[in-house]
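Step one of this worksheet: look at the structure below.
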Amino acid sequence: MSAHKSRSRGKDVMKQHAVHFKAEFTISEGKIKEYKKLIKEMSKLVEANEPETINYQFYFDKSKTMCTVHETYMNSEAVFFHINRVASQTVIPKIHDISRITKFVVYGTTSKKLQKAMERLNPQIYVPFAGFNR
């Protein structure tokens, strides 16, 4: 077996326990300034207090009426840690007051407990099949 294959063996199927979210929000008319302020606050709180949040990125469409967030967590437990921290408890309700989730997609291996918790969001869930991370 080559050195390359033995190095990558443990990384196959894209770190099976990582959980990735893609959520699309539609922002209420006239609320973009407030929305931007809230996501900046949210991002700072998550970065400072959630070490198992691997990726947390927000993207706006050209018209700034839609926002997509990409989130990656080490595992299902890290998602629950995120849900129960100050950012999710204080800022997310304000975000939901001025926007709505129009699409929620989950990629990765999720626990039954997390699947149950996400039911109200009606997520599309995709499980790992093949691939790798570097």
Quick one: closest heavy-atom pair of Val69 and Glu71, and the distance?
-> CG1-OE2, 3.6 Å

Honestly curious: do Phe21 and Phe60 fall in one hydrophobic cluster under the side-chain, below-4.5 Å linking rule?
-> yes

Approximate separation, where rounding is to 0.5 Å, of Lys113 NZ and Gln115 CD | 13.0 Å

Thr68 side chain to Tyr59 main-chain N or O, any donor-acceptor pair under 3.5 Å?
-> no

Which heavy atom of Pro123 sits nearest a heavy atom of Met118, and at what distance?
-> CD-O, 3.3 Å

Under 3.5 Å, which donor-acceptor pairs link side chains of residues 22-41 to any protein atom two or more places apart or in another chain?
unit_1	atom_1	unit_2	atom_2	d
Ser28	OG	Ile98	O	3.0

Please check if Val106 and Tyr126 belong to a single hydrophobic cluster, counting links between Ile, Leu, Val, Met, Phe, Trp and Tyr side chain heavy atoms closer than 4.5 Å.
-> no

Closest non-hydrogen atoms of Ile95 and Ser99, given as atom of the first, atom of the second and distance, are O-OG, 2.7 Å

For Ser88 and Ile92, the nearest pair of non-hydrogen atoms, with its separation, is O-CB, 3.3 Å

Answer with yes or no after comparing the ring centroid distance for Phe81 and Tyr73 against a 6.0 Å cut-off, counting only values under it.
-> no

Would you say Ser76's side chain and Leu114's backbone share a donor-acceptor pair under 3.5 angstrom?
-> no

Counting distance only, does the side-chain N/O of Gln89 pair as donor-acceptor with the main-chain N or O of Ile83 below 3.5 Å?
-> yes

Passing candidate, side chain to side chain contact (heavy atoms under 4.5 Å, CB included) with Val79, options Thr53, Thr110, Val19 = Val19

Residue pair Asn55, His70: steps toward the side chain to side chain contact (heavy atoms under 4.5 Å, CB included) verdict = CA-CA 7 Å; Asn55 181 52; His70 290 221; 3.9 Å; yes

Dump the intermediate steps for side chain to side chain contact (heavy atoms under 4.5 Å, CB included) on Ile101 and His96, then the final yes or no.
-> CA-CA 8 Å; Ile101 295 177; His96 286 290; 3.6 Å; yes

Run the numbers on His20 and Thr72 for side-chain hydrogen bond (donor to acceptor under 3.5 Å, both in side chains), then give the verdict.
-> CA-CA 4 Å; His20 311 275; Thr72 302; 3.0 Å; yes

What are the two closest heavy atoms between Glu50 and Ala87, and how far apart are they?
-> OE2-CB, 4.4 Å

Which heavy atom of Met42 sits nearest a heavy atom of Val91, and at what distance?
-> SD-CB, 3.7 Å

Atom pair CZ (Phe104) and CD (Gln124), whose distance is rounded to the nearest 0.5 Å = 11.0 Å

Please lay out, stage by stage, how Tyr56 and His82 fare under the test ring-ring contact (aromatic ring centres under 6.0 Å, His included).
-> CA-CA 11 Å; Tyr56 204 67; His82 170 73; 5.7 Å; yes

